Amino acid sequence: MAKFQLDKVHSSISFQVKHLMVSKAKGEFTQFDVEVDGDVDQLESAKVKVTIQASSIDTKNEDRDNHLRSGDFFDVENYPIITFVSESIKKVSDDDYEVTGKLTIRNVTRTETFKVEFNGQSKNPLDGSIVAGFDVEGKINREDYGLTWNAALETGGFLIGKDVKLFGSFEFVIS
């Protein structure tokens with residue numbers, strides 16, 4: 001079994017949600033960890049745990065970030081951690097997988113499935129280490145997790161969409 005060590009410098013977790021019915025608000029979480037137990041050659045048997053510090057949300061707008069940290073959204077004082085724990089990994093094609101597991105936000109846990117692309121392995125010429133890369137994407141309904149704050153628009157619709165698209169890009173040193 002290989003050891004996967006997350007390279008945080010070359011990894012990210014970001015999101016986007018419809019804003020004002022016409023554009024996308026984007027952001028990221030800057031503090032997170034991803035633990036993988038398994039074999040890079042047998043990814044279907046791997047176990048994955050993602051831990052995100054909800055307070056690390058960053059949309060490049062301090063007022064919006066503070067609102068997202070408040071009780072209207074993530075309520076980071078009471079629910080500081082977002083987690084995802086895999087239950088199964090299914091190979092879809094050569095480099096494409098689906099990982100299904102339990103996502104917990106604000107103490108609400110639901111089963112979600114995310115698409116994963118395995119980008120392969122490479123030898124780092126600077127230190128000789130072997131690295132592996134993965135891209136992850138998926139979509140959740142924020143209201144399923146109690147993130148229900150919104151405002152009706154005069155022109156119809158709502159300020160914030162329900163669907164949140166999630167993106168992860170992860171690099172691991174494999175040993």
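By convention here, the first residue in the shown sequence is residue 1. This is a predicted model, so every value here is computed, not measured.
- The two residues S12 and F170 have their closest heavy-atom pair at O-CE2, 3.7 Å.
- Residue Q121 qualifies as enclosed at atom CD: its count of foreign heavy atoms under 6.0 Å is above 12.
- The side-chain heavy atoms of F74 and R69, taken from C-beta on, include no pair separated by under 4.5 Å.
- Atom NZ of K162 is separated from atom NZ of K18 by 13.0 Å, given to the nearest 0.5 angstrom.
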**OP:** Dump the intermediate steps for side-chain contact (heavy atoms from CB on, under 4.5 Å) on K90 and T100, then the final yes or no.
**Re:** CA-CA 8 Å; K90 176 182 167 188; T100 299; over 6 Å; no
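- Put simply, F15 and L20 are part of the same group of oily side chains (I, L, V, M, F, W, Y) that touch within less than 4.5 Å, one to the next.
- Screening I81, I13, T51, I82 against F32 for a side chain to side chain contact (heavy atoms under 4.5 Å, CB included) leaves a single residue, I13.
- The main-chain N or O of T59 is found under 3.5 Å from a side-chain atom of D65 such that the two form a donor-acceptor pair.
- Between the side chain of R142 and the backbone N or O of V164, no donor-acceptor pair lies under 3.5 Å.
- Between E137 and K165, every side-chain heavy-atom pair lies at or beyond the 4.5 Å cut-off.
- For the residue pair V17 and G161, the shortest heavy atom distance occurs at CG2-O, 3.3 Å.
- Taking each heavy atom of A46 and I89 in turn, the nearest pair found is O-CD1, 3.4 Å.
- Taken together through direct or relayed side-chain contacts under 4.5 Å among Ile, Leu, Val, Met, Phe, Trp and Tyr, F167 and V92 form parts of separate hydrophobic clusters.
- Contact annotation: the side chain of V48 never approaches that of E35 to less than 4.5 Å [non-hydrogen atoms, C-beta and beyond].
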Original post:
Yes or no on side-chain contact (heavy atoms from CB on, under 4.5 Å) for D33 and K8, after CA distance, side-chain angles and deciding distance?
Top reply: CA-CA 8 Å; D33 193 28; K8 292 183 182 182; 3.9 Å; yes
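- Nearest heavy atom pair, residue M21 against residue G157, reads SD-CA, 3.9 Å.
- Here CD of E98 is found 6.5 Å from OG1 of T113. Values are rounded to the nearest 0.5 Å.
- Across every non-hydrogen atom of H10 and D7, the tightest pair is ND1-OD2, 2.8 Å.
- Taking hydrophobic clusters as Ile, Leu, Val, Met, Phe, Trp and Tyr residues chained together by side-chain heavy-atom distances below 4.5 Å, F118 shares a cluster with L166.
- Between E44 and Y97 there is a side-chain heavy-atom pair separated by less than 4.5 Å.
- Side-chain atoms of S11 come within 3.5 Å of backbone atoms of E171 as a donor-acceptor pair (strictly under, hydrogens ignored).
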Subject >> Step-by-step side-chain contact (heavy atoms from CB on, under 4.5 Å) determination, W149 to L159 >> reply: CA-CA 10 Å; W149 185 92; L159 179 66; 3.8 Å; yes
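- Two residues are said to be in side-chain contact when any heavy atoms from C-beta on lie closer than 4.5 Å; F172 and V34 meet this criterion.
- Side-chain contact, S129 with D127: a donor N or O sits under 3.5 Å from an acceptor N or O.
- Put simply, V85 and I140 are part of two different groups of oily side chains (I, L, V, M, F, W, Y) that touch within less than 4.5 Å, one to the next.
- Ring pair F4/F134 is tilted by interplanar angle, where 30° to 60° counts as tilted.
- The shortest distance between side-chain heavy atoms of K102 and T111 falls below 4.5 Å.
- Interatomic distance, I174 CD1 to D41 CG, rounded to the nearest 0.5 Å: 9.5 Å.
- Between K91 atom NZ and Q42 atom CD the span is 8.5 Å, to the nearest 0.5 Å.
- Here the CZ atom belonging to R110 is positioned 7.5 Å from the CG atom belonging to N141, to the nearest 0.5 angstrom.
- A pairwise comparison of heavy atoms in F158 and L153 identifies O-CD1, 3.5 Å as the closest pair.
- For F114 and F84, the ring centers sit closer than 6.0 Å to each other.
- The closest donor-acceptor contact from the side chain of R106 to the backbone of N78 lies at 3.5 Å or more, if one exists at all.
- Using a 4.5 Å heavy-atom threshold, the side chains of I105 and F73 count as separate.
- Salt bridge annotation for K60-D58: present, with a cationic side-chain nitrogen under 4.0 angstrom from a carboxylate oxygen.
- Here the straight-line distance linking atom OG1 of T109 with atom OH of Y145 works out to 8.0 Å at 0.5 Å rounding.
- Here the side chain of D135 pairs no donor or acceptor atom with the backbone of E117 at under 3.5 angstrom.
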